[in-house]
Every structure is written in C-alpha cells, then in structure tokens.
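Here's the structure we're looking at; comments come further down.
Throughout, a chain's letter reflects where its sequence line sits, starting with A, and its residues are numbered from 1.
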Number of protein chains: 2
Amino acid sequence: MFKELDPLLHSQLRLAVISLLIGLEEADFTFIKEKTGATSGNLSVQIDKLEKAKYISVVKTFKGKRPLTTCRITTEGISAFEKYVSNLKTYLNK
Amino acid sequence: MFKELDPLLHSQLRLAVISLLIGLEEADFTFIKEKTGATSGNLSVQIDKLEKAKYISVVKTFKGKRPLTTCRITTEGISAFEKYVSNLKTYLNK
DNA sequence: ATAAATTAGTTTATATTATAAACCAAATAT
DNA sequence: ATATTTGGTTTATAATATAAACTAATTTAT
C-alpha cells in the first residue's frame, strides 16, 4: 500500500538540496543557500546529514582567499532519491 | 524554484491518511490504522492535527456497543492535498 | 591603520514534531 | 471471575528542524 519514505529525504530542505544536485551534479554552499532560501545554519546542518549518509560528497576548498564548500550528489544519493520518488508515488495517486 | 510544502501534509502518516481519504471519502480509525500500519497513539494524534486544521472531519459514534471514529476529508483538505502535490512536483523534476 | 561590514560558514540552544509507552473503559472470551 | 481484546486517548520521550549566536577571515570605508 504505502511505501516507507526515507526520513533523510523526507525533509523539505534536504529534498531541495538533493533535487538541486540531481540536476546540477555540483553546487557550492552559497548557491544552494540562494536557491533553497535556507538559512546558513540550517543548510550547514542538513548538508552534514546528507554527507554522513553518503548521499552527497562535500569538498572544502578556497575560492581565492575565501572558503568554498562544494557539494556533489553520489550514486548512492541518486538511487536513494529515485527510490524516494517512487515510494512517494504510492501516496499521490488520488 | 522550490515551493513551500505544507508541513501538516509533509508527514508520512498524515499524508497517508489524507491520501487514503482522498480515494475513499470515508474511513474509520481501525481501517486507517490497518492500511497505514500506524500505532493507535500516533494515529490518534495525527488525526487530531488534521481535524484541527479542518483537513478532515471526525465523527465519533458507536458501532453496536463499541466506539467508532469515522473520518472524512473536507474540501479544504482536498485542496490542501492538491496544492501539496503540485508544490511537491517542484522537487521531483530531475 | 583601524573600525565597520560582509562572506562563509559552524555550533549550540530552542521549538516543533513524531513516536512509543502507559493508560482507560467497555466488551468479549475462557 | 479474570484475562484478553477492541478502540481508542494521554503523556512522556526521542528525534528533527530551525534560529540565534558565534567564529574566523576578508573587504571596504574612514
């Protein structure tokens, strides 16, 4: 009937981050923050969770003299997202 | 870009309840409990929230000598669900 | 040169939410 | 008579999300 929804993806902000990265393959912290409208603090926390789950990889470098946090989705993240979307559909068929 | 997801519906159990009621127009507590696999306590709480938001109406009667809690979706509930689904799509287009 | 403001975040505290455990009342089964 | 089941509710706890406060360095303005 209703399939389980991965709690890691069933969060507005984390879902937005993953959704963004699915289309882009790479995005930095500030860009994600702008596109999602999240606060830095919330985004920082949620990116951390996605990274710990290996749904995204995070690389911290410098752009000139400033820190730059770059995120990419992993293959694990892609398949988790695809499964989430497929399971979600069990809730949406009116 | 990403549309706001109604937090009342962005919950696995409450979404399942609404999704069920959209198709059925009427269902009792026990039936919903079976279909969703929820615990009674959790279901009781979530039904309460949906009722307080006027997304569903709840009528308590007796079936023979036993209590019977019957739920129906309201027009407000239907349009909230439709909006939720439509907003959700902004997250799903890979 | 120094102070103020901005960038790019992290950490921590708090509010909200979800879930489970404990409970209740009545009915039915042993 | 008492044990179990039905149909829930209430309350306590765990998990989550969010915001506020903070850090550290960089620009920009004075």
Residues that [X] engages under side chain to side chain contact (heavy atoms under 4.5 Å, CB included), provided they are two or more places apart:
X: A/Ser79; value: none
X: A/Lys65; value: none
X: A/Lys83; value: A/Asn87
X: B/Val85; value: A/Leu92, B/Phe81, B/Lys89

Practice task
Rounded off to whole Å, could you give me the CD1-to-P distance for the A/Ile47 and C/dT11 pair?
Solution key: 13 Å
Exercise for the section: Determine which pairs satisfy ring-ring contact (aromatic ring centres under 6.0 Å, His included) with at least one residue from residues 32-51 of chain A, sequence neighbours left out, and list them in order. Expected result: none
Which residues satisfy the salt bridge (charged side-chain N to carboxylate O under 4.0 Å, His left out) test with [X], sequence neighbours excluded?
X: A/Glu76; answer: none
X: B/Arg66; answer: none
X: A/Lys52; answer: A/Asp48

Practice task
List the protein contact pattern of nucleotides 8-19 of chain D with one symbol per nucleotide (5' to 3'): B for base contact, S for sugar-phosphate-only contact, - for none; contact means a heavy-atom distance under 4.0 Å.
Solution key: BBB-----SSBS
Practice task
Going 5' to 3' through nucleotides 24-30 of chain C, assign each nucleotide B (protein heavy atom under 4.0 Å from a base atom), S (under 4.0 Å only from sugar-phosphate atoms) or - (no protein heavy atom that close).
Solution key: ---SS--
Completion exercise
When the rotation axes relating C1' atoms of four end pairs to the next four are compared across the helix from C/dA1-D/dT30 to C/dT30-D/dA1, five pairs an end, they differ to 10° by 10°
Completion exercise
Here the gap from B/Leu15 atom CG to A/Phe2 atom CZ, rounded to the nearest 0.5 Å, amounts to 7.5 Å
For residues 29-39 of chain B, dump all side-chain donor-acceptor pairs below 3.5 Å to protein atoms at least two apart in sequence or in another chain.
| unit_1 | atom_1 | unit_2 | atom_2 | d |
| --- | --- | --- | --- | --- |
| B/Lys33 | NZ | B/Ser40 | OG | 3.1 |
| B/Thr36 | OG1 | B/Ile32 | O | 2.7 |
| B/Thr36 | OG1 | B/Lys33 | O | 3.4 |
| B/Thr36 | OG1 | B/Ala38 | N | 3.3 |
| B/Thr39 | OG1 | B/Asn42 | N | 3.3 |

